[in-house]
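Report on the structure given below.
Naming: A, B, ... by sequence-line order, numbering from 1 per chain. None of these values were measured; they are calculated from a predicted model.
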Amino acid sequence: MLSKNAEVAQVLEEIGLLLDIEGKDRFRPLAYHRGARAIKSLGEDVVEVARRNELTKIPGIGKGLAKIITNYIETGQVPKLDELRTRVPIKVMELMAIRGVGPRTVKLMYDKLGITDLESLERAASDGSLSQLPGLGDRSVKQILQGIELVRQGLERTLLADALIEAEKIVSALRALPSVRQIEVAGSARRRRETVGDLDILVNASDTETIMGTFVGLESVAEVLARGTTKSSVRLTSNLQIDLRVIPAESFGAGLQYFTGSVDHNVKLRSIAQKMGLKLNEYGLFRGEEKVEGREERAIYESFGMTWVPPELREDRGEIEAAQDGTLPDLITPDAVRGDLHTHTDQSDGRNTIEEMIDAAQEREYEYFCISDHTKSLTIANGMDEERLEARINEIDRLNESGRWKMRILKGAEVDILQDGELDISDDLLSRLDIVTASIHSRMNDSKRVMTERVCHALENKFVHILGHPTGRLLLKRPPFEIDLSAVFEVARKNNVIMELNAHPQRLDLNAGNLRSAVRAGLRIAVNTDAHSVAELDNMTFGIYQARRGWLTKDDIINTHTLKKLLRLIKK
DNA sequence: GCCGTTTTCGGCCCGACTGTTTTCAGTCG
Ligand SMILES: Nc1nc2c(ncn2[C@H]2C[C@H](O)[C@@H](COP(=O)(O)OP(=O)(O)OP(=O)(O)O)O2)c(=O)[nH]1
Ligand SMILES: [Mg+2]
Ligand SMILES: [Mg+2]
Ligand SMILES: [Zn+2]
């Protein structure tokens, strides 16, 4: 099951690959690849963007690609792709997914041996015919056979949260080496993308030999993909790929800039350098032979008359222009958070008691903390009925009165939005809560129109403060349900409802693109952990990462405000 | 196909590693 964005990206990707293979034009396929990347990292429903007629506002999408996308959304058809597939009947997506196999190899294999898919390639590799092709020796064939297996296993991306744990292990192993002066995680992990394709690690060191040796010799390494003097790659037993780049001190800033990406951000920056008669690469910024900058990443941006761009924004979505104008946002930082407005206890499906959760919140020096267990229709989560909710309200009153905690404990609930958009708890009881979060937990496959009406209706309930995980996505598992977010935003604005940024590493919902649109639509955001245990309170960090990717500032986020201001802002 | 304080035409980022190759094309970052 794919989201529309993923479908559209795949269409563009496949056209790009087929054009690559035809080899007629070097640059046209690049445009399709760039378009595919742009849609993949859009972080907003492409259907919505198309409906607003704003596809060509996306960098890399022009009239041509916009037409293909619109047509695909409206009819499900892509004549250009059908035509290409007829001319070049190759399953490019699966063949080119093999490491080491690119367009030239696919074309050669097709022309000489009629290879069109993994199966026919495997046969040719096994019966010896493949190694007869020019440029393909026994080593290549062996690598291809291994590659076929990996493709069949299905290469998934990895959740940022999981990847960062793995990164820390590798970083600490390498940091222990005496010749290592600096070491940084770069790539999409440094940009805090919610999922990463691999880990990219940059080292500043004098002695590259020992570094590379240690790196490829790490216990978790399953396969060494490349080993050079400045760059090596391995695949771990977990199948996660790690790229290591070693760069000398005087180039470390340029190396970090390069290795952080994104590709499109890099290409744009390098083009700007070019136009200024300069050259930017991972070793520095050069005027002719002379290195102008390189040690400090910041100085490279400043050389272009830009302010330093926070890695989370480096996606070529307007950040370069904003850096030139000096109008980059002052992004939210973790220390600005004053409380968590969505947490669970063992009253519903949480693991810890209410007191354990409050103690943990106190340790995090919060000023307020909302307990918001599930309500009755979520039976699978042991949701509370009115009676239990009322008892909970009284309990929190007593806890606040006890004076055991400096922090204010807010009375909340995560109330289920029913099939008809009504809530499963009476207004009477809702009125006694400080914070009401309304969430969809059922019937997520209903049509877009139904889902939109359902959510909008719930937001019109005058006791609802926050819409919980507004699109219901589960990363690597379930795409967002279909919903017209612009309509939701409009109703939310009218009714003073806040959008949640659910900080669970598998949700991060709203995502970056939608956060940006929500704020543009005049809404505020609550960054909430939805913690089901004490440990999960630390997921706030991932929420802040995503908020930064959504260009959010402190003021956009409701739980950076003091208790007093918070309560005033949520008032209907 | 995209895009614009050097252009609406004519450019399009730049470098490392591998294999099989006699000097580099292909692939990947
Ligand atoms: N200038 C330039 N830099 C590139 C290119 N490809 C990759 N890079 C840089 C920017 C990337 O962020 C960085 C790491 O490459 P990756 O392929 O791992 O991409 P990234 O980490 O951004 O995304 P990922 O989550 O791994 O798919 O290397 C390129 O074609 N040109
Ligand atoms: Mg990467
Ligand atoms: Mg990489
Ligand atoms: Zn919840």
Side-chain angles (χ1 to χ4, degrees), chain A residues 12 15-17 19-21 23-38 55-69 80 95-109 131-144 147 186-188 196-202 208 212 216 224-234 241-247 251 254-255 257-286 304-305 316 320-321 324-325:
Chain A
L12 300 181
I15 295 175
L17 292 175
L19 289 173
D20 267 329
I21 290 168
K24 284 189 194 143
D25 180 341
R26 228 155 54 77
F27 295 102
R28 189 172 309 204
L30 275 182
Y32 281 92
H33 291 305
R34 182 174 174 208
R37 284 197 303 271
L55 283 172
T56 55
K57 283 193 182 169
I58 302 168
I61 308 283
K63 283 212 172 99
L65 293 190
K67 188 140 178 262
I68 290 175
I69 295 170
K80 172 152 189 114
L95 285 181
M96 302 262 284
I98 302 168
R99 143 170 294 279
V101 175
R104 310 313 310 160
T105 311
V106 171
K107 181 158 173 32
L108 182 73
M109 296 189 306
S131 61
Q132 299 307 307
L133 294 183
L136 284 173
D138 289 343
R139 289 186 90 115
S140 309
V141 171
K142 211 173 142 207
Q143 214 194 59
I144 285 174
S188 50
V196 302
D198 66 0
L199 277 173
D200 305 286
I201 299 175
L202 185 73
T208 69
M212 292 305 182
V216 302
V224 179
L225 302 168
R227 184 193 164 146
T229 53
T230 74
K231 185 176 139 184
S232 296
S233 290
V234 300
Q241 183 178 322
I242 320 282
D243 295 336
L244 185 76
R245 191 76 203 254
V246 182
I247 294 271
S251 293
Q257 195 291 312
Y258 151 72
F259 217 25
T260 298
S262 63
V263 174
D264 295 304
H265 176 92
N266 285 358
V267 170
K268 188 167 245 174
L269 216 54
R270 288 171 179 210
S271 308
I272 290 171
Q274 222 180 21
K275 282 171 197 146
M276 294 169 67
L278 304 171
K279 183 180 69 174
L280 177 64
N281 59 28
E282 62 266 52
Y283 299 105
L285 182 63
F286 297 86
F304 296 126
D316 188 24
I320 288 181
E321 294 77 359
Q324 283 169 328
D325 298 345

Closest approach to the side chain of [X], judged atom by atom: which nucleotide of [options] is it?
| X | options | result |
| --- | --- | --- |
| A:Asp25 | B:dG1, B:dG29, B:dT18 | B:dG1 |
| A:Arg139 | B:dG29, B:dT20, B:dC2 | B:dT20 |
| A:Gln143 | B:dG19, B:dC2, B:dG29 | B:dG19 |
| A:Val267 | B:dG15, B:dC13, B:dG1 | B:dC13 |
| A:Phe27 | B:dC17, B:dC12, B:dG15 | B:dC12 |
| A:Ser140 | B:dG15, B:dG19, B:dG29 | B:dG19 |
| A:Arg34 | B:dC3, B:dG15, B:dG19 | B:dC3 |

Rounded interatomic separation in angstrom, taking [atom1] from [X] and [atom2] from [N]:
| X | N | atom1 | atom2 | answer |
| --- | --- | --- | --- | --- |
| A:Leu225 | B:dA16 | CG | C1' | 14 Å |
| A:Lys231 | B:dT27 | NZ | P | 15 Å |
| A:Ile144 | B:dG19 | CD1 | P | 12 Å |
| A:Met109 | B:dT27 | CE | C1' | 13 Å |
| A:Glu321 | B:dG4 | CD | C1' | 12 Å |
| A:His33 | B:dT27 | NE2 | P | 12 Å |

Check the interface with nucleotides 22-26 of chain B: list each N/O to N/O pair with the protein under 3.5 Å, or write none.
none

Should [X] be listed as having a side-chain N or O under 4.0 Å from OP1 or OP2 of [N]?
| X | N | result |
| --- | --- | --- |
| A:Arg99 | B:dG29 | yes |
| A:Gln324 | B:dT5 | no |
| A:Asn281 | B:dG15 | yes |

Taking the [atom1] atom of each, how far is [N] from [M], in whole Å?
| N | M | atom1 | answer |
| --- | --- | --- | --- |
| B:dC12 | B:dT5 | P | 15 Å |
| B:dC13 | B:dC3 | P | 13 Å |
| B:dT18 | B:dT23 | C1' | 15 Å |
| B:dT27 | B:dT20 | C1' | 15 Å |
| B:dG11 | B:dT7 | P | 13 Å |
| B:dC14 | B:dT6 | P | 16 Å |
| B:dC17 | B:dC9 | C1' | 37 Å |

For [X], enumerate each residue passing the salt bridge (charged side-chain N to carboxylate O under 4.0 Å, His left out) test, keeping only those at least two apart in sequence or located in another chain.
| X | result |
| --- | --- |
| A:Lys107 | A:Asp111 |
| A:Arg104 | none |
| A:Asp316 | A:Arg34, A:Lys268 |

For the backbone of [Y] and the side chain of [X], can you confirm whether one donor and one acceptor N or O come within less than 3.5 Å of each other?
| X | Y | result |
| --- | --- | --- |
| A:Asp243 | A:Ser233 | no |
| A:Ser251 | A:Ile247 | no |
| A:Asn281 | A:Gly284 | yes |

Applying a 3.5 Å limit to both distances, which nucleotide forms a Watson-Crick or G-U wobble pair with B:dT18? B:dA25
How is [X] classified with respect to the nucleic acid when contacts are heavy atoms under 4.0 Å: base, sugar-phosphate, or nothing?
| X | result |
| --- | --- |
| A:Arg26 | nothing |
| A:Asp20 | nothing |
| A:Ile98 | sugar-phosphate |
| A:Lys268 | nothing |
| A:Thr229 | sugar-phosphate |
| A:Val101 | sugar-phosphate |
| A:Leu136 | sugar-phosphate |
| A:Leu269 | nothing |

Determine whether A:Leu244 and A:Met212 satisfy the following criterion, side-chain contact (heavy atoms from CB on, under 4.5 Å), listing intermediate values before the conclusion. CA-CA 8 Å; A:Leu244 185 76; A:Met212 292 305 182; 4.0 Å; yes
Does A:Asp200 come within less than 4.0 Å of A:Arg245, counting only side-chain N to carboxylate O? no
A:Pro134 or A:Pro59: which one's nearest nucleotide on DNA chain B is closer to the 5' end? A:Pro59
In terms of the nearest nucleotide of DNA chain B, which residue is placed more toward the 5' end: A:Met96 or A:Ser232? A:Ser232
A:Phe304 vs A:Leu280, side-chain contact (heavy atoms from CB on, under 4.5 Å): CA-CA, chis, key distance, verdict: CA-CA 11 Å; A:Phe304 296 126; A:Leu280 177 64; 4.2 Å; yes
Nucleic acid contacts - residues 270-278 of chain A versus DNA chain B, non-hydrogen atoms under 4.0 Å: A:Arg270, A:Ser271, A:Gln274, A:Lys275
Pairing residues for A:His265 by the ring-ring contact (aromatic ring centres under 6.0 Å, His included) criterion, not counting sequence neighbours: A:Tyr301
Under the side-chain contact (heavy atoms from CB on, under 4.5 Å) criterion, do A:Leu65 and A:Tyr32 qualify, and how do the steps go? CA-CA 8 Å; A:Leu65 293 190; A:Tyr32 281 92; 3.2 Å; yes
Regarding B:dG15, can its base be found pairing with the side chain of A:Tyr283 as donor and acceptor, where the two atoms are less than 3.5 Å apart? no
Where do A:Val234 and A:Gln241 land on the side-chain contact (heavy atoms from CB on, under 4.5 Å) test, with the steps shown first? CA-CA 6 Å; A:Val234 300; A:Gln241 183 178 322; over 6 Å; no
